[in-house]
Amino acid sequence: MRRLLPSSPALGDTRASRLLPVHMLHSAGETMFAISLAGSLFFNVSLDAARPRILLYLALTMTPFIVLAPLVGPFIDRVRGGHRVVLMAALGGRALVAILLATQLRTLLLYPFAFAILVLAKIYSVSRNSLVPVLVDEREHLVVVNSRLARDGTIAGAITSPIGVLILNTGGAEWVLRTGGALYLLGMLLAVRIPPPRHRDPGTPSVVESTELTGPGVRGALSGMATLRSASGFVFFHVGFVLKQEGEPLWVFGLVAVAGGVGGFLGTFVAPWLRRRVEEQVMLTMALALPGSLAVIAALRFHRISIVAFALALGLAGSVARRAFDEVVQTEAPHARRGRAYAGLETRIELGWVIGALLAVVSRAPDWVGLAVLALWLLAIAGDRWWSARSARQLEGEVGARTLPVRLIETAESLAATGDRQQAVVLAVTAAETARDQSGSDDPAAAATIARLRAMCSATMDETDHDETVRALGEAREVVDRFVPAPSLEEEHRRSA
């Protein structure tokens, strides 16, 4: 059996390669689920009848996000082997609910079943994102593995889309759902082969997690990613209503969906190429500007070709932005508990999709008006990000990219002042390690200092007196100051201004 899934040079890790077929099957099942709901909620009823049904459906989709962050994330972090176990449970649950939903598409039970399957979808997404770093031994392989997962998932979705449309036309939405349930079930069976984590995460002080996840890099990446997701939600329903109102055949809807999938697939190649030339935040800004520019063309000439080109651009932009977002989080928040962190971030990103979809359904805007407003919105945000980044570079210089260690050591000193010596020393070690890692230095004196601080963390902190804590924080501050250059007087004046 091992010979069937050899170590992939593209992934560089056999453990991670076993997640690929599981994710492909989930993506194929997800495509079937989307097609079945489109057929049952949208295509087989009039335009006026579709709107209230979709509004109720979108209202139900908001609840899984509220449940996800406070419950699922901590569960994944606490359960031994939780990432793999929860992923398998999510796949199995989706298989069961999809099969049950196939019998209730024309009753009110459709909505609670759809709610359940959406909750399980978000659980799968969080557990998969949390599982990748556990399976990859080398940090430099993370971007490669994330891109490969997205690429193979896109391929699976693109292959499944025409099959799903064919089943919808011949057998109805019920058989599309049953097919999706079978795909989920097969994915669950293959997930058994994913190896368990080699060790249990000892945990991270909450102050470290909060400091990293609220940093300007993560906040900027989250804002850009959420904006693109809200644009996707708006376009999905706005374009869908317009095409239906104009009496376009079903294959046009399928063509637009395939174009978005092809764009996402191309993005898995473009993202690594682009990352070698620009930083992640610039990638996110470019990802906002591209669909904004194409939306202008689609608004001026709403045609099948322009809409397909716009869907392609939006899929490409979303894929590039996702790769950039993942890298920002994994680089700038390495100590955050993965399940909880991804649950919170994914909740905010997906809420953007729901809000965008609700705006499209409620507004009933004409074709060119909706796309024109969307174009102005995306281009305005891209321009604001570009101008903010330009101003930040002028004000911060090289120091601005290295503010995290300084923030961490300042927080450690504040904790020590309140008497929380254990958290203070742990945070000081993190600050020193972060400063050294960012500089790429192998200074033996700094390594020795960090080793002493680590040993201090391993001791019983209740026995550590105040003077020893102050001395430890002083040593950590020296390491931070050694690798993070202090701003000049001119820079201090400009920042305060």
- Message: Using a 6.0 Å distance limit plus a 45 degree cone around the ring axis, check whether Arg94 lies over the aromatic ring of Tyr124.
- Response: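 That pair does not qualify as a cation-pi contact.
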- Query: Do the side chains of Met32 and Ser36 get nearer than 4.5 Å, heavy atoms only?
  - Reply: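 Ser36 vs Met32: side chains apart.
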- Phe325 versus Leu345: any side-chain heavy-atom pair under 4.5 Å?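 A side-chain contact under 4.5 Å exists here.
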- Message: Checking Ser27 against Thr154 for the side-chain contact (heavy atoms from CB on, under 4.5 Å) test, could you report, in this order, the C-alpha distance in whole Å, the side-chain angles of both residues, the deciding distance, and whether it holds?
- Response: CA-CA 7 Å; Ser27 298; Thr154 303; over 6 Å; no
- Item | side chain to side chain contact (heavy atoms under 4.5 Å, CB included) partners for Leu284, two or more places apart |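 Residues passing side chain to side chain contact (heavy atoms under 4.5 Å, CB included) with Leu284: Ala221, Gln281, Ala321, Ala324, Arg385.
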Can you check whether [Y]'s main-chain N or O pairs, donor with acceptor, with [X]'s side chain at less than 3.5 Å?
X      : Y      : answer
Arg323 : Ser319 : yes
Thr160 : Ala156 : yes
Arg229 : Trp353 : no
Thr103 : Ile99  : no
Ser306 : Arg301 : yes
Arg275 : Val278 : yes

- Message: Run the side-chain contact (heavy atoms from CB on, under 4.5 Å) test on Met286 and Leu274 for me, step by step, so that the C-alpha distance in whole Å, both residues' side-chain angles and the decisive distance to 0.1 Å come before the verdict.
- Response: CA-CA 10 Å; Met286 295 171 68; Leu274 199 59; 4.0 Å; yes
- Over 12 non-hydrogen atoms of neighbours within 6.0 angstrom of CH2 in Trp377: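 Counting neighbours around CH2 of Trp377, more than 12 heavy atoms of other residues, nucleotides or ligands fall under 6.0 Å, so yes.
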- Item | Exercise: identify the closest heavy-atom pair between Ala298 and Ile307 |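 Where Ala298 meets Ile307 most closely, the heavy atoms are CB-CD1, 4.2 Å.
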- Could you pull out the closest heavy-atom pair between Ala313 and Leu290, with the gap in Å?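 So the two residues come closest at O-CD2, 4.0 Å.
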- Item | Reference residue Pro291; test side-chain contact (heavy atoms from CB on, under 4.5 Å); the match among Leu316, Leu378, Val235 |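 Answer after filtering Leu316, Leu378, Val235: Leu378.
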- Query: Mind checking whether Phe265 and Phe269 have parallel, tilted or perpendicular rings, split at 30° and 60°?
  - Reply: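 Judged by the thresholds at 30° and 60°, the geometry between Phe265 and Phe269 is perpendicular.
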